[in-house]
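Notes follow once the structure below has been shown.
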Amino acid sequence: MLILDQLNKGERALRLLAWMVAGCLLVLLAGLARVQVLARHRFELSQQTQSYRTVRVPALRGKILDRDGRVLVENAPRYRLDVFLEDLSRDFTKEYNRLRRELLTARGAGAGPEPGLFQRLASKFRRKKAPTLISPQETEMLWRQARYQVVSNVVAQVATRVGMPLTLTEADLHRHWSRSRALPLSVLRRLTPQQVALLTEQSWAMRGVSLELQPARSYPHGSLGVHMLGYLTRADDFEDDEDEGAFDYRLRDYRGASGIEAAFDSALRGVAGAKSLLVNSAGYRVGETPVTDPQAGQNVVTTLDLPLQSIAEKALSTVNGDERGAVVVMDVRNGDVLAAASAPAFDPAEWIDGITRERWTNYYDVPKRTPLLNRVTQGRYAPGSTFKIVTALGALERGLDPDATYRVEPNPANPVKGAYFLGRQKIGDTAPPGDYDFRRAFIRSSNSYFIDQGLKMGFDRLLETAHRFHFGERTQIQLRPKEETTGDMPEPGDAKAERWPLGKLANFSIGQEVTVTPLQMAVMISAVANGGTVFYPRLVDRLETGDPLSDAAPDRVRPGQIRSRLDTRAEHLALLRAVMRDDVLDDEGTGKAARVKDFQVCGKTGTAEIKGNGFKDKVTWFASFGPYESPRYAIIVMVESGGSGGGTCAPVARQIYEFIRDRAASPGRAVAINP
Amino acid sequence: VTPLPSSTLNPRDTGIEWPLWTAVLGLMILGAAFIFSATGTQELARNTHWLNFTATRQVFAYILGAGVVAAIALVDYGRLARWSLVAYWLSILLLVAVYAFGASRHGARRWLDLGPIQFQPSEFAKLAFLFALANFLSRPAGELQSRALFVKALAMAALPFVLILKQPDLGSALVFLPMALAMMLVAGVPRRFLVRLLGGVGFVVVLILVDVLFAPPGWRFIKLEEYQRRRLLVYFNVDFAPRGASPEERQRARLLQRDTSLNVEQALISVGSGGIAGKGWRQGTQHRLGYLPRLGAHNDFIFSVIAEEKGFLGSLTVLGLYGVVLFSGIKIAGQARDRLGRLLAVGVVTLLFTHVFVNIGMNIRLMPVTGIPLPLLSAGGTSVLCSLVALGILQNVHLYRRRY
């Protein structure tokens, strides 16, 4: 080394010193190289883990629209008041120091001036140091208290401005502080426009508090179509998400709990984004950078027809205002569900923030009412006399002569009514005794006539006819499978059903012993009306991108998907349509209450009797389509505990048909909905 | 005032050791820049007057120090050395004064509060000791063979050592040991004495460590401050929880261990995450976000800030600059005109080197955490002044090397 060469030869000690210095500097160099070059990735990683937090940012949820693009469910801006803890951290320290001083004063120490020279010298001779006056636990409590004082002060000031009580408990704050310190604390979630105005007009600026705008699910039509559209609940766990890996925090997100919201949840929800928060050593947020932008969810365009849906619900509510029932309106030409109402309904908005236990027990968890039940797809009801359409079709295919008459004997107990005698068993009839041909039997809904036909046809043939309408199977409407029931219909070859006694078969012929859903009924009526095509019902027409600038092609669900054909002679179906028309048109018909001027409604009433242990109830039906000349709409009305199909349900259908007629007469006019 | 020596031998030689002062200037620039990086953002946010910025105060300390260097250069070190005993006893007096009524900060009593300025006598004591020992040892080689003289020299070191240890400031106290050893070695004190001293010190250190680290509470004869003990436990990676501790005790001990090792960990993360090229000046996140202790980032842990923001290349630069300073010092020692000059230069080199090694070593966990500043880079007036005075002594030895 140059410098060493300049040293005197005799300076061995200096040489030694120089080598030692050089050696130690090399040790430092090696240490630095190890930390900064070899292990740098490890330290970079730990630096990032400790100073960054990733936050899941939910995407804007897609809208749900009706078939003409009218909004059914959307997002509305909602104002929220947030407290930013990092802006208050200095106040926390100030308040902590104040509290600490107070505590020390209360304990009579530390409050006086600095001890003088004499005391300090004197204290040298005392062996023991003064004990620490505040324990670590107390310090922790003081900090908690200080934070709460500061935040609740701020919150109280806001409260007086907006004129409403705000409650924030120390436990709330502490939970937020210890779990998600880097995120703002929401103190007020649903600010009314008036409150926002109060806050903004007073040129209001308060440190640590700000108004945040956030989209919230909005239901412009309230509970309209709620069973089909569905409602949302808070999604706090993301177990069902595959690639929602390591997030430190997740902003509040929602998940569809029922209906379309649930069935199309992933399309509606979009792809969550992420942002990364820079946090300081105290855990407060210092800055944030977006990592990936959320991709807005797709809009779901349904087959529903908003005015029709609205009128259907209104019509159903005219039964008695507290009815339990369902209405389905289907396009018989392709199986599109135009309206589907289930009563009682509920307000989906109240699920956004979670409902109270009280509300649950008083409203939702009431036996028989069960507002959450989608009666259109989940309700299982004996079809009663509406099932005579199936029996009739089977009989006609078997070669029934429609003009042949059948004599119905009077009921000995009530000679005005008829009865059917099966051995020693008597099955009562609502139709009077006398001679019935097919048409009269149908429009008077003679039980005896159809029992006779059913028994002649036999179990297998009747069941086979029912299965051609796919009773006993899900219609596969685009809801989650668990939101649809199959109904109760024996499988073909069901050994137990094969051994049904004749009495049971007799009941089966007139729509007892089995159950169907209103939607299945709509599919059946559509098949009769359209000349024999059984469609898969369609509820969703297409998925559209939520981005108005994007020109991505919508994801369309093919309309009119045929499930099967009835494979029967057209004249049988024509005859059925004709007698259904007569049921409404003929003054003797059970469905005459559905008669509409200038619009030929065809229908069949039904009143199924349910006998259980000590209770007796009725399910009333009106299964119809119209107009007769060129069938287009199938309307099913079902009311639980109604009076009779013709008395309770037919008027409901009539109102809907009237609406359809009026709308067709003035196609350009906007129709007032939800008056 | 001694007249400056005329450079008759080489008219172009001004007597200034240029490599040394260039490196010193480089260190000063780095110091000011990175102290600003570590403290400026906060001070700007707090609307501190620019004159009160830590970096500005550091620059004033540099300027003041430069003046002191110039003043020292005016007087031949031989003449200065005559006052060495006075300075030594004055420093002892000051250390006692600190013990009696020094200002207490973070549990240690190290400062004398003189109104507007605060003064750390241990720094002054190092310089006074340097002069006194150099003066004491610069005597004929024969006398140095005596055991009595060796013991006396040891006693000279032991007095300030104990007083500073009592403050408590273990780091500063330990600096006296290598200084004494190096100076005695170069002076020509018999090797066997030094080897024995080293062996004895080593043995005692091991005993102390074993006692501190492993003895049960009742058997601890060495009374260390609790935080000192914890730092040592962390450095030697000894479990805080005593054997047979209950789960709660173990839990509490683990928390304590985490808290204590936090500074070390964070310094290491700073240095390591700087990587090769660093994050850029004022771009370091570790000190800005408070992971590096706010109170230490600009002084004891300034090296972490530099290493994070300038990476391995920055560390290399710092080491290089210190290398130039230290080897210039050794060269000056070799060229000194007499034993006093040589011993002074060796003392200065050892003093600076110990600080550099312990401080940088602490940042990469090579050394336990002690409050030893990095010469010229760490913020702090006393430290800067003393470093510059030490360098002034080097320059003085260099300047008067040809006056025989």
Side-chain angles (χ1 to χ4, degrees), chain A residues 1-8 10-52 90 114 116-118 120-121 124 129 136 278-284 286-287, chain B residues 99-101 104 182 184-188 191 262 265-266 268-276 278 285-286 288-294 307-308 311-316 318-320 322-323 326-331 333-335 342 345-346 349-350 353-354 356-357 360-361 363-366:
Chain A
M1 275 169 104
L2 192 69
I3 297 165
L4 292 181
D5 290 340
Q6 293 180 20
L7 298 177
N8 291 331
E11 296 291 358
R12 287 180 53 205
L14 267 187
R15 262 171 195 276
L16 184 64
L17 187 68
W19 280 118
M20 275 177 62
V21 168
C24 287
L25 285 182
L26 278 178
V27 167
L28 283 184
L29 197 64
L32 284 166
R34 186 179 66 84
V35 174
Q36 294 196 282
V37 180
L38 298 180
R40 64 178 189 276
H41 296 301
R42 182 158 64 85
F43 289 112
E44 269 161 21
L45 191 69
S46 35
Q47 188 256 322
Q48 276 166 13
T49 345
Q50 74 180 4
S51 41
Y52 288 97
R90 223 177 277 166
E114 274 278 292
L117 173 60
F118 179 74
R120 258 190 278 161
L121 279 175
K124 295 286 166 202
K129 280 206 277 179
L278 187 62
V279 297
N280 64 14
S281 60
Y284 294 120
V286 179
Chain B
Y99 188 57
F101 31 79
S104 179
M184 286 195 275
L185 175 77
V186 172
R191 290 281 167 88
L262 198 69
E265 286 293 331
Q266 293 302 344
L268 204 57
I269 289 175
S270 302
V271 175
S273 66
I276 293 169
T285 53
Q286 283 287 98
R288 205 151 48 82
L289 300 177
Y291 291 100
L292 264 185
R294 282 249 155 73
E308 187 189 3
F312 185 59
L313 300 177
S315 313
L316 219 56
V318 171
L319 277 189
Y322 280 122
L326 294 172
F327 286 108
S328 300
I330 293 174
K331 191 189 97 181
Q335 293 172 346
R342 175 176 306 164
V346 165
V349 166
T350 318
F353 170 72
T354 312
V356 170
F357 186 77
I360 296 182
N363 280 291
I364 55 173
R365 216 174 174 168
L366 225 53

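So you know, we letter chains A, B, ... as the sequences are listed, proteins then strands, and number each from 1.
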Which one wins on heavy-atom pair count under 4.5 Å against chain A: [options]?
{"options": "B:I360, B:V349, B:N363", "answer": "B:I360"}
{"options": "B:S315, B:G329, B:G323", "answer": "B:S315"}
{"options": "B:V356, B:L292, B:L268, B:L185", "answer": "B:L268"}

Q) Tell me, side chain or backbone of A:L16 under 4.5 Å from chain B's heavy atoms, or both, or neither? A)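 The side chain, not the backbone.
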Q: Please state whether the side chain, the backbone, both or neither of A:L278 comes within less than 4.5 Å of a heavy atom of chain B.
A: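 It is the side chain, since no backbone atom gets that close.
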Examine whether an atom of [X] lies under 4.5 Å from a heavy atom of chain A, and if so say whether it belongs to the side chain, the backbone or both; otherwise answer neither.
{"X": "B:L366", "answer": "side chain"}
{"X": "B:Q266", "answer": "side chain"}
{"X": "B:A307", "answer": "both"}

For a quick test of reading the model, state the closest non-hydrogen atom pair linking [X] to [Y] and the distance between them.
{"X": "A:L17", "Y": "B:A182", "answer": "CD1-CB, 4.1 Å"}
{"X": "B:Y291", "Y": "A:V279", "answer": "OH-O, 3.0 Å"}
{"X": "B:F312", "Y": "A:Q36", "answer": "CA-OE1, 3.3 Å"}

Tell me which donor-acceptor pairs under 3.5 Å the side chains of residues 23-34 of chain A have, and how far apart each pair is, sequence neighbours excluded?
none

Q | side-chain hydrogen bond (donor to acceptor under 3.5 Å, both in side chains) against B:S273, all qualifying residues, sequence neighbours excluded | A |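 Counting only residues at least two positions away or on another chain, B:S273 forms a side-chain hydrogen bond (donor to acceptor under 3.5 Å, both in side chains) with B:K279.
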Q. Of all of A:Q50, A:R40, A:E44, which one pairs up most often with chain B through heavy atoms under 4.5 Å apart?
A.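 Highest number of heavy-atom pairs under 4.5 Å: A:Q50.
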Just how far is it from atom [atom1] of [X] to atom [atom2] of [Y], taken to the nearest 0.5 Å?
{"X": "A:R15", "Y": "B:I330", "atom1": "CZ", "atom2": "CD1", "value": "11.5 Å"}
{"X": "B:T285", "Y": "A:N280", "atom1": "OG1", "atom2": "CG", "value": "11.5 Å"}
{"X": "B:L289", "Y": "A:Y52", "atom1": "CG", "atom2": "OH", "value": "7.5 Å"}

Q. Does any non-hydrogen side-chain atom of A:V21 lie less than 4.5 Å from one of B:F327?
A.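 Result yes, sub-4.5 Å side-chain heavy-atom pair found.
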